[in-house]
There are 2 protein chains.
Amino acid sequence: MATQERPLRADAERSVRTILEAAERVLAANPAASLEQIAEAAGVARTTIHRRFANRQALVDAMVRNVLDQLDVVIESAHPDTAPPLVALHQITAEVLRVKLGWPFAMTESFAPGSKWAQGQQQLVTRCVALLARAQAAGLVAADADLPWTCQVYYALIGEAAHNTTGTDPHELATKVIDTLLHGAGPRP
Amino acid sequence: MATQERPLRADAERSVRTILEAAERVLAANPAASLEQIAEAAGVARTTIHRRFANRQALVDAMVRNVLDQLDVVIESAHPDTAPPLVALHQITAEVLRVKLGWPFAMTESFAPGSKWAQGQQQLVTRCVALLARAQAAGLVAADADLPWTCQVYYALIGEAAHNTTGTDPHELATKVIDTLLHGAGPRP
DNA sequence: GTTAACTGCGACAGAGCTGGTGCAGTTAGC
DNA sequence: GCTAACTGCACCAGCTCTGTCGCAGTTAAC
């Protein structure tokens with residue numbers, strides 16, 4: 001079966017990575033795809049997936065945990081509590097976009113409402129709101145802004161930007177996202 | 001065995017409605033739900049669903065067609081080509097929100113990328129861009145704004161607003177959406 | 001070099017979903 | 001009131017997916 005604690009051998013570790021990446025590709029295209037299809041995309045026998053992951057849910061969970069860990073690192077390394085708000089915001093946006101472009105399925109899965117990841121996600125929202133509050137204190141955000149709503153909009157903008165296959169440079173996209181978030185589409189004074 | 005052209009009897013018509021509404025409720029909660037669950041929610045035998053809809057896809061198609069028709073009516077009645085842009089925008093936003101709150105599954109389904117509804121959706125985008133262009137001419141939107149991107153943001157904002165169960169009044173939500181779309185979260189001059 | 005871990009393959013059982021049929025009872029429409 | 005349409009029910013056939021097993025061959029780790 002799977003999901004044991006014993007350290008994996010190097011080749012097993014490798015096939016786990018391969019499976020996770022293939023699952024991302026396949027499930028992004030079709031969330032209802034079978035394990036058979038995932039195995040084929042990974043160049044692996046279906047039984048191997050079952051050996052490494054107890055069931056489909058365990059596989060998805062591993063994918064989600066993977067991106068959540070990445071997001072944690074990304075946010076931490078942007079120093080959202082000490083760096084200038086706009087700098088941190090830009091840095092985080094670009095990096096989150098990079099993660100989202102690579103792991104779209106796992107990303108949407110982790111953000112699915114009412115999932116087991118709700119608490120982990122709530123933690124992200126809290127940090128996001130905290131950063132926005134710093135931006136507010138710095139005058140970047142209106143004093144009377146609805147921060148949870150702004151945070152929601154921020155996530156949505158990142159999601160939309162990730163759909164834009166044209167501008168694939170994360171930093172360029174990040175600039176657009178933050179510009180839209182702060183100023184909208186209206187005329188500038 | 002279904003989707004015939006012969007006019008349905010009144011009771012059959014009624015059960016079709018019941019099934020569509022139940023399907024919306026069930027599939028919104030779980031897109032992978034079985035027809036059995038939908039039938040149960042509709043207070044109907046599963047075979048009845050099969051009698052009215054050739055297969056699962058036909059059922060979903062009917063749901064999507066239903067909302068697309070609603071959206072068409074909604075947009076048309078707001079006179080997007082003649083009414084003042086801001087008025088039309090607000091009117092459309094509020095009504096679309098009303099539709100989305102009632103048919104979240106069908107709505108996201110119809111907007112799924114690469115679906116058979118892509119062309120119908122493209123038509124909506126075109127009309128949306130046209131309306132935004134009028135708003136641009138009226139000075140509501142920056143002259144150098146990226147209209148397709150703005151339209152994308154507009155859709156995303158509507159989607160997010162629909163997740164807000166707190167402010168359930170469509171007009172209130174519409175105000176928030178348009179305000180965010182045009183001005184973002186930054187401080188007002 | 002030995003051993004334990006890993007993999008592919010073939011096969012299997014079980015479960016769930018789909019789509020269909022026939023029949024008896026009810027109901028809308030004329 | 002008559003007829004055709006509609007529905008629920010029981011039942012069935014077929015399919016796909018999941019999860020498991022054993023075995024033979026390969027490979028990493030000591």
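We name chains A, B, ... by the order of the sequence lines, and we start the count at 1 in each one.
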What integer distance in Å separates [X]:[atom1] from [N]:[atom2]?
X: A:E36; N: D:dG19; atom1: CD; atom2: P; result: 13 Å
X: B:I19; N: D:dC6; atom1: CD1; atom2: C1'; result: 12 Å
X: B:L8; N: C:dG29; atom1: CG; atom2: P; result: 11 Å
X: B:N55; N: C:dG20; atom1: CG; atom2: P; result: 8 Å
X: A:R56; N: C:dG16; atom1: CZ; atom2: P; result: 16 Å
X: A:D11; N: D:dT27; atom1: CG; atom2: P; result: 9 Å
X: B:R17; N: D:dC6; atom1: CZ; atom2: P; result: 18 Å
X: B:Q57; N: C:dG19; atom1: CD; atom2: P; result: 10 Å

Evaluate salt bridge (Lys or Arg N to Asp or Glu O under 4.0 Å) for A:D146 paired with B:K176, printing each intermediate quantity in order.
CA-CA 10 Å; A:D146 178 348; B:K176 195 164 202 169; 2.7 Å; yes
Does [X] have a side-chain nitrogen or oxygen under 4.0 Å from the phosphate oxygens OP1 or OP2 of [N]?
X: A:T48; N: C:dC6; value: no
X: B:H50; N: C:dG19; value: yes
X: B:S15; N: D:dC6; value: no
X: A:R52; N: C:dT7; value: yes

Given side chains that start at C-beta, do those of [X] and [Y] come closer than 4.5 Å, heavy atoms only?
X: B:D61; Y: B:K116; result: yes
X: B:R65; Y: B:W117; result: yes
X: A:L182; Y: A:L86; result: yes

Which sits closer to the 5' end of DNA chain D, A:T47 or A:S34, going by the nucleotide each is nearest to?
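Looking at DNA chain D, the more 5' nearest nucleotide goes with A:S34.
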Taking atom types as they are modelled, would you say the side chain of B:R51 forms a donor-acceptor pair with the base of D:dG8 within the 3.5 Å cutoff?
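Looking at the base of D:dG8, it does pair with a donor or acceptor on the side chain of B:R51 (distance under 3.5 Å).
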Using the side-chain heavy atoms of [X], tell me which of these nucleotides is nearest: [options].
X: B:R9; options: C:dA28, D:dG19, D:dG8; result: C:dA28
X: A:R46; options: D:dA28, D:dA10, D:dG19; result: D:dG19
X: A:L35; options: D:dA28, D:dT7, D:dG19; result: D:dG19

Considering residues at least two apart in sequence or located in another chain, which fulfil the ring pair (Phe, Tyr, Trp, His ring centres under 6.0 Å) criterion with B:H90?
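Partners of B:H90 by the ring pair (Phe, Tyr, Trp, His ring centres under 6.0 Å) criterion, ordered by chain and then number, come out as B:H171.
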First of B:R14 and A:E13 reached from the 5' end of DNA chain C, by closest nucleotide
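With B:R14 and A:E13 compared, the 5'-side residue is A:E13.
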